[in-house]
Amino acid sequence: MSDLILFWHRRDLRISDNTGLDAARKRSAKVVGVFCLDPDILERDDVAPARVTYMIGCLDALKHRYTQVGSQLLILRGNPVQTIPALAKALNAKAVFWNWDVEPYAQTRDRLVIDALKEKGIEFLHQSWDQILHSPKEIHTSSQSPYTVYSPFWKNWSSKAKAKPLATLENATGLTENEQEIAKQAGVIQLPSAKDLGFIWHRELIISPGETAAQGKLEEFIAQNITEYKEQRNFPSVDGTSRLSAALKFGVIGIRTVWQATLEAQEHSRSEEAQGSIRTWQQELAWREFYQHAMYHFPQLAQGAYRDSFKNFPWQNNPKHFQAWCEGKTGYPIVDAAMGQLNETGWMHNRCRMIVASFLTKDLIINPQWGEKYFMQKLIDGDLSANNGGWQWSASSGMDPKPLRIFNPASQAQKFDAEGEYIRQWVSKLRSVDTEYLVTGKISSLERHRLSYPQPIVDHKVQQALFKTLYQQQKEITM
DNA sequence: TACTACTTGGC
DNA sequence: CCAAGTAGT
């Protein structure tokens, strides 16, 4: 009889290319998956219905994957500090394995679970990094400190050899019927629906849940889009991005598998342009990793601005302006279109994430944390590190010492939605407006009234000048 | 210490 | 052509 190992899934909802699961399988054939629905996470006020719906779909798919290879996925609900050790004890498991997570909440939780396991005499546990290609401690400056600037991080990170994808779990042994009964008594439940958990998402998900769908998405992107990514990624009306963000957030696809696919794409493409595009996408993967490392080393990022000059910034925080931004009623077509896409689909093109973030912080002069939270309440791919990193970048409050990034909504629309296709798709009221006026936002007051489209809530020129003044003042104070 | 380089821009 | 300082070496 082989030892029972529990593998605790958190943001690695797959059985392929999973470092911790691979290690668990090597230790014993009797590997059983477990996932815990944690009220401390699900009852936060920044949880998106689309995200929970996607996650539940992924868990359902994961359940089937386990069944296919001869084992089970067990579902728990409650505080993992209690539920995981209790289940392990009841089943007389030899060990619980899992993969590390950079988030501050996860770090604290995991330490408590380790303590509780030790107390119950669960002898051995194993943890590894799985979400990222290099651990936070592996990448550092010549003076042994973490990078706080992307470019040198990228130089270092990209020069290091990356691990190959790991084997998919197979020929595992699950619980006996008797053990399944014990598991039930120890709190194992049926997988609830998102609705059971109080999250309603009526629309179709923009991304199909599950490991197989994610792998399909990766293959599709590699075959069709990656060689033109550098150009095409800029246009929100074009489907030129990978759309793998949600799958990467929940670890529905392994990052080593993704990296391997980029290497194969490099081998198969000749042109400079294609090579450059693949490199650009690899850099996006490095940004994701940079932000996870940053969150690990500087957990205070989750609490607000990294730079001193933004710590006591006199944000105007006008609630009416914020509401208009959320609802896509700012009177700036490109901003409203982007917010429409977010509200209706749970996803927003990255070009537009930058536009609306710049608008909220530099034009409305609203605390970026408000926007960051709203994104988390809506995004299917909402992830603390990536979302926080993106917002701090847009707010100029983050790590890179750069000029103030103030986007001009009209120039952005002219460059990246020149025909107004994206705006027309997401602001149906404006469909009939001539492209020139649509894109520049120069729609007459009368016309706006006729179409019941809002007047601009602020003047970009005035507000960006005001922001600059406020910033200069803050800089003097904090110097 | 001196020097280099700096995601996605605006005007 | 000005971004805006400064991390990283």
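All values below were derived from every heavy atom in this structure, side-chain atoms included, with hydrogens, water molecules and symmetry-related copies excluded.
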[X] side chain near [N] phosphate (N/O to OP1/OP2, under 4.0 Å):
{"X": "A:Ser142", "N": "C:dT9", "value": "yes"}
{"X": "A:Arg351", "N": "B:dG9", "value": "yes"}
{"X": "A:Gln464", "N": "B:dC11", "value": "yes"}
{"X": "A:Asn408", "N": "B:dC11", "value": "yes"}
{"X": "A:Tyr147", "N": "C:dT9", "value": "yes"}

Looking at A:Asp40 and A:Arg44, does any basic side-chain N land under 4.0 Å from a carboxylate oxygen?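 Between A:Arg44 and A:Asp40 there is no salt bridge, as every charged N stays at least 4.0 Å from the carboxylate O atoms.
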Residue-level proximity of residues 280-300 of chain A to DNA chain B when a heavy atom falls under 4.0 Å: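 Heavy-atom contacts with DNA chain B come from A:Glu284, A:Trp287.
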Side chains of A:Gln292 and A:Ser385: donor-acceptor distance under 3.5 Å anywhere?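 A:Ser385 and A:Gln292 do not have a side-chain donor-acceptor pair below 3.5 Å.
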Pull out every protein N or O sitting under 3.5 Å from an N or O of nucleotides 1-6 of chain B, one pair per line with the distance.
{"unit_1": "B:dC6", "atom_1": "O3'", "unit_2": "A:Lys402", "atom_2": "NZ", "d": "3.3"}

Among B:dT8, C:dG8, B:dG10, which nucleotide has an atom closest to any side-chain atom of A:Trp393?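 Given the options B:dT8, C:dG8, B:dG10, the side chain of A:Trp393 is closest to B:dT8.
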Is it the case that A:Lys442 places NZ or CZ above or below the six-membered ring of A:Tyr437, under 6.0 angstrom from the centre and within 45 degrees of the axis?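 So A:Lys442 doesn't make the cation-pi contact.
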Quick one: does NZ or CZ of A:Arg10 land under 6.0 Å from the six-membered ring centre of A:Trp8, within 45 degrees of the ring axis?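 Flagged: A:Arg10 positioned over aromatic ring of A:Trp8.
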A:Arg307 near the nucleic acid: base, sugar-phosphate alone, or nothing, with a heavy-atom cut-off under 4.0 Å?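 Counting heavy atoms under 4.0 Å across all strands, the contact made by A:Arg307 is with sugar-phosphate only.
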Expected output check: what is the dot-bracket annotation of DNA chain C, where ( ) and [ ] are pairs inside the strand (brackets for crossing ones), | is paired with another strand, and pairs are Watson-Crick or G-U under 3.5 Å? ||..|||||
Given A:Arg11 and A:Asp130, is the salt bridge (Lys or Arg N to Asp or Glu O under 4.0 Å) satisfied, shown in steps? CA-CA 9 Å; A:Arg11 43 184 305 166; A:Asp130 175 72; over 6 Å; no
Using the P atom as the point on both nucleotides, what is the distance between B:dG10 and C:dT6, in whole Å?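 Their P atoms lie roughly 24 Å apart.
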